[in-house]
Amino acid sequence: MKILGIDIGGTFTDVYLTDDDVNERTVHKVSTTPDDPSEGALRGVHEVCEMTDTPPGELDYVFHGTTIATNAVLEHEGVEVGMITTAGYRDIVHIGRHKRPQNYSIQQDVPWQQHPLTKRRHRMTVPERIDADGTVRTPLDEDAVAEAARALDDAGVDSIAVAFLFSYLNDEHEARAKEIIEDVSPDVYVTTSSEVYPQFREFERFTTTAMNAAIGPTVVEYIETFERELRSLGVTADLHVMQSNGGIATEEMVTERAVTLLLSGPAAGILGGKRRTDVNTPDSEATNAITLDMGGTSADIGIVADDEIVKANVRETQVGGYPVMIPMIDIETIGAGGGSIAYLDDTGAFRVGPKSAGAMPGPIAYDRGGTDPTVTDAHVALGRIRPEFFLGGEMDLLVDAPRETIRERLADPLGMDEMEAAAGVLRIVNNGMANAIRSKTVQKGRDPENFTLVAFGGAGPMHAADVARELDVSRTLIPASSGVLSAVGLSTTDLQFDQIHTTFETLSDLDRERLQSDYDALVADAEDRLHRDGVADERIDLELSADCRYEGQGYELTVPVSDGRRVRPIERIDAAFDAAHESEFGHGFDENAVELVNERVTAYGRLPTADLVTIPEATSMVEEHVLFKDDVYFDVDGEIEAHATPFVDRTDLRAGHSLSGPAIIAEKDSTIIVPPDFDVSVLQHGDIELTR
């Protein structure tokens with residue numbers, strides 16, 4: 001079986017080919033092409049197939065992680081969107097909620113007002129009304145819908161969002177409105193809130209629908225083009241795309257719910273990080289991991305606690321400041337990457353990021369016209385990244401120019417040595433990542449000392465030891481193929497489809513059979529979707545859960561409600577919510593009535609997973625594999641000192657090899673920096689463990 005993973009990052013596009021027939025894994029990196037990300041990705045596919053003599057038609061699966069949706073939101077490059085909504089509710093997407101993003105700021109930009117997903121002149125209302133019990137109070141005025149669609153078409157909108165009150169209880173009006181719009185304006189992309197995510201809370205549901213409308217045409221065009229170009233290369237396997245929830249989507253799923261791709265790339269990295277931690281954790285212990293995915297433009301942080309990837313609470317999920325009501329892995333993203341630019345601000349303060357040099361022009365060391373010193377340039381200046389190792393020697397690397405620029409831009413103005421300035425760049429970016437990790441651990445009642453730090457991405461292994469020291473983490477793991485782990489992670493997941501139904505009832509008023517009937521209907525819909533994607537019954541797994549709250553509360557917690565297809569007794573669900581509330585907030589109210597708000601079903605369609613490869617046992621001393629020694633600068637107790645440091649090619653290391661820092665372990669897709677106070681052990685699957 002041959003599985004191809006493609007992950008497009010801000011600086012590099014990673015390609016990972018696994019061939020289980022011959023037990024081979026091939027890693028490849030190409031520069032990302034910002035103007036058309038698919039161009040670089042397709043070049044990577046072509047090159048990796050040539051490198052391995054693999055006919056493209058022999059690929060069984062192609063998995064893809066992309067930032068196309070995220071970038072469209074963050075850079076406000078969505079298409080022109082129109083909205084048709086219930087009469088009297090034109091401004092829901094502008095007003096939002098009483099709570100503003102920054103409670104104590106009298107001057108702030110509210111994202112949905114500063115950069116509206118749909119302009120007010122493009123928001124139309126029509127007479128219709130579904131009541132709070134799902135019954136029709138006012139029939140849909142179909143002529144008004146057609147008139148609104150024509151007006152929006154004449155105004156030049158590319159996409160129309162349909163969002164009516166209480167459509168999550170009854171989607172009859174939204175479905176009919178979509179039919180009318182598609183008849184009047186067949187070239188316009190149409191999306192309804194009941195298709196995207198049928199859940200209560202109008203502002204969030206309307207905004208999520210508008211976002212889907214804004215990025216939908218761009219995402220659909222990209223996916224269709226990418227798949228068409230894959231066909232031209234001779235690839236016959238279907239294209240599957242990573243979703244924010246950690247599952248894989250088919251092209252049909254993406255067409256309907258483009259918004260589910262908002263954290264596509266980072267989600268795959270967390271899956272890969274969890275798998276590598278799982279295999280290196282004793283069976284008697286639960287997996288607890290902090291994943292640090294540091295690439296060229298950003299660092300993405302995820303948490304695995306008690307064997308489970310931590311998911312974001314739907315009520316709190318947002319991208320670019322916009323609320324997005326879709327299931328997501330809980331990911332913290334900060335502007336800290338190899339391309340993050342170091343500079344002195346207007347007050348003379350030393351800063352790093354969030355602005356990045358990106359793929360073009362990139363760091364000064366890349367010799368592509370970059371003029372601003374970056375994190376990568378700081379590593380080059382300190383002697384940590386060498387031209388003969390970078391991308392396996394396939395890309396030239398400047399050494400003198402980064403040092404000169406750091407001296408001119410940073411060291412001289414601050415009155416310090418150029419090596420101190422370069423080390424300062426790294427201190428700042430490491431502190432930023434450590435603080436972001438604390439927000440996901442310490443501030444959530446999790447002690448980082450009880451977690452394994454799993455660092456990957458092109459830049460993650462260079463910063464892993466310093467971040468671990470900052471957090472007092474005792475164990476750090478650098479996975480095999482760490483520089484392309486997001487591409488590797490794509491091959492570890494399954495098709496995933498989420499169904500939801502909103503209902504407001506106290507558990508004491510429910511009986512088990514009635515609740516079972518509700519879940520049976522959701523399960524049938526989810527299974528039907530997977531069947532349409534070619535998934536057989538024996539490959540379908542189900543998770544049944546519910547959003548509950550104490551009666552009178554405004555927010556919910558999600559709890560499991562079954563051990564399979566059969567829902568648990570009501571009293572067990574009640575007790576599970578009490579326990580979840582106490583775990584989250586430190587207290588529970590056993591005597592209070594519990595209200596069920598949303599019924600949820602997540603259906604998984606199992607896909608093949610690439611096998612892990614065991615590397616040979618060491619039969620020699622690691623010193624025999626040292627290529628050379630040279631001076632490398634390290635920050636030791638606040639002093640920048642040069643150390644004679646051995647350089648080792650990671651491909652020469654075998655299971656059981658160990659060494660003490662300082663050391664530089666280089667590979668094609670990343671560089672592992674081992675400071676003087678760390679030791680290294682090579683594990684059976686090629687993963688590297690760092691311990692203080």
Side-chain angles (χ1 to χ4, degrees), residues 97-99 103 131-135 166 168-169 197-205 286 288 303-317 323 325 327-328 330 439-447 450 498-523 542-602:
R97 293 194 172 273
H98 176 69
K99 185 179 184 299
N103 284 337
D131 252 345
D133 60 0
T135 60
F166 299 109
Y168 57 86
L169 297 174
Y197 214 63
Q199 186 175 337
F200 83 110
R201 293 194 172 100
E202 278 72 18
F203 167 57
E204 289 83 359
R205 176 164 56 89
N288 291 294
I303 301 294
V304 181
D306 295 327
D307 293 327
E308 297 293 332
I309 294 175
V310 175
K311 302 290 183 71
N313 192 308
V314 173
R315 71 173 186 269
E316 297 173 347
T317 55
M325 271 207 312
M328 287 185 180
D330 192 4
S439 73
K440 293 295 180 185
T441 53
V442 177
Q443 294 181 21
K444 298 288 186 179
R446 305 181 182 109
D447 187 348
N450 299 327
D498 297 289
Q499 288 284 84
I500 185 171
H501 174 247
T502 295
T503 180
F504 297 95
E505 293 191 72
T506 57
L507 291 180
S508 58
D509 293 335
L510 280 171
D511 66 78
R512 187 177 180 184
E513 295 309 316
R514 182 172 147 212
L515 189 61
Q516 184 69 54
S517 177
D518 286 350
Y519 276 100
D520 286 344
L522 291 174
V523 167
L542 299 168
E543 284 184 5
L544 280 58
S545 60
D547 295 341
C548 299
R549 63 189 182 187
Y550 288 123
E551 197 169 31
Q553 280 188 323
Y555 296 101
E556 308 81 44
L557 292 174
T558 303
V559 296
V561 299
S562 76
D563 300 308
R565 294 171 179 263
R566 183 72 177 163
V567 299
R568 296 169 177 169
I570 300 298
E571 57 271 16
R572 283 187 61 191
I573 299 173
D574 193 306
F577 174 76
D578 289 333
H581 195 282
E582 184 164 359
S583 174
E584 182 75 12
F585 301 111
H587 57 270
F589 303 99
D590 297 353
E591 303 302 318
N592 286 30
V594 175
E595 184 179 34
L596 188 152
V597 178
N598 295 313
E599 300 161 341
R600 296 180 180 274
V601 168
T602 301

Original post:
Under a 4.5 Å cut-off applied to non-hydrogen side-chain atoms, are Val567 and Asp518 in contact?
Top reply: no
**OP:** Output the distance between atom CG (Leu544) and atom CD1 (Ile573), rounded to the nearest 0.5 Å.
**Re:** 9.5 Å
**OP:** Kindly indicate whether the side chain of Val594, heavy atoms from C-beta on, has any atom under 4.5 Å from the side chain of Tyr550.
**Re:** yes
**OP:** Measure across Tyr519 and Ser545 and return the closest heavy-atom pair with its distance rounded to 0.1 Å.
**Re:** OH-O, 2.6 Å
Original post:
Would you find a donor on one side and an acceptor on the other, under 3.5 Å apart, between the side chain of His501 and the backbone of Arg600?
Top reply: no
Original post:
Would Asp330 and Ile303 count as a side-chain contact (heavy atoms from CB on, under 4.5 Å) if you check the C-alpha gap in whole Å, the side-chain angles of each, and the deciding distance to 0.1 Å?
Top reply: CA-CA 7 Å; Asp330 192 4; Ile303 301 294; over 6 Å; no
Original post:
From Leu522 CG over to Leu542 CG, what is the distance, rounded to the nearest 0.5 angstrom?
Top reply: 11.0 Å
**OP:** Could you tell me the separation between the CZ atom of Phe504 and the CZ atom of Arg549, rounded to the nearest 0.5 Å?
**Re:** 5.5 Å
Original post:
Under 4.5 Å between any side-chain heavy atoms of Arg568 and Pro560, yes or no?
Top reply: yes
**OP:** Identify the heavy atoms of Ala305 and Arg446 that sit nearest to each other, and give their distance.
**Re:** CB-NE, 4.2 Å
Original post:
So do Leu596 and Thr503 actually touch side chain to side chain, heavy atoms under 4.5 Å?
Top reply: yes
Original post:
Any idea how Phe166 and Tyr168 line up, ring-wise: parallel (<30°), tilted (30 to 60°), or perpendicular (>60°)?
Top reply: tilted
Subject >> Side-chain heavy atoms of Val601 within contact of Asp498, under 4.5 Å >> reply: no
**OP:** Identify the two heavy atoms, one from Arg514 and one from Asp511, that lie closest to each other, and give their separation to 0.1 Å.
**Re:** N-OD1, 2.7 Å
Subject >> For the student: nearest non-hydrogen atoms of Leu515 and Glu599, plus distance >> reply: CD1-OE2, 3.4 Å
Original post:
Where is the tightest heavy-atom contact between Ala546 and Val561, given as atom of each residue plus distance?
Top reply: CB-CG1, 3.5 Å
**OP:** Could you verify whether a donor N or O on one side chain and an acceptor N or O on the other, from Tyr555 and Asp547, lie under 3.5 Å apart?
**Re:** no
Subject >> Flag, side chain of Asp447 to backbone of Asn450, donor-acceptor distance under 3.5 Å >> reply: no
**OP:** Show your reasoning for whether salt bridge (Lys or Arg N to Asp or Glu O under 4.0 Å) applies to Asp563 and Arg572.
**Re:** CA-CA 12 Å; Asp563 300 308; Arg572 283 187 61 191; 3.7 Å; yes
**OP:** For the pair Glu513 and Arg566, evaluate salt bridge (Lys or Arg N to Asp or Glu O under 4.0 Å) and give the outcome as yes or no after the intermediate values.
**Re:** CA-CA 10 Å; Glu513 295 309 316; Arg566 183 72 177 163; 2.4 Å; yes
**OP:** For Thr317 and Ala312, work out which heavy atoms get closest and say how close.
**Re:** CG2-CB, 3.4 Å
**OP:** State, with a plain yes or no, whether a side-chain heavy atom of Phe200 is found less than 4.5 Å away from one of Asn598.
**Re:** yes
**OP:** Kindly compute the distance separating CZ (Phe577) from CG (Leu507), expressed to the nearest 0.5 Å.
**Re:** 9.0 Å
**OP:** May I ask you to decide whether Arg201 forms a salt bridge with Glu556, counting only side-chain N to carboxylate O separations under 4.0 Å?
**Re:** yes
Original post:
Would His581 and His587 satisfy side-chain contact (heavy atoms from CB on, under 4.5 Å), going step by step from the backbone distance to the final call?
Top reply: CA-CA 7 Å; His581 195 282; His587 57 270; 3.8 Å; yes
Original post:
Heavy-atom distance under 4.5 Å between the side chains of Arg97 and Glu204, does that happen here?
Top reply: yes
**OP:** Would you give the length of the straight line joining atom CG of Leu557 to atom CD of Glu582, rounded to the nearest 0.5 angstrom?
**Re:** 12.5 Å
Subject >> Beyond-backbone contact of Ile500 with Pro198, side-chain heavy atoms, under 4.5 angstrom >> reply: yes
Original post:
Going from OG on Ser508 to CD on Glu571, what distance comes out if it is rounded to the nearest 0.5 angstrom?
Top reply: 12.0 Å
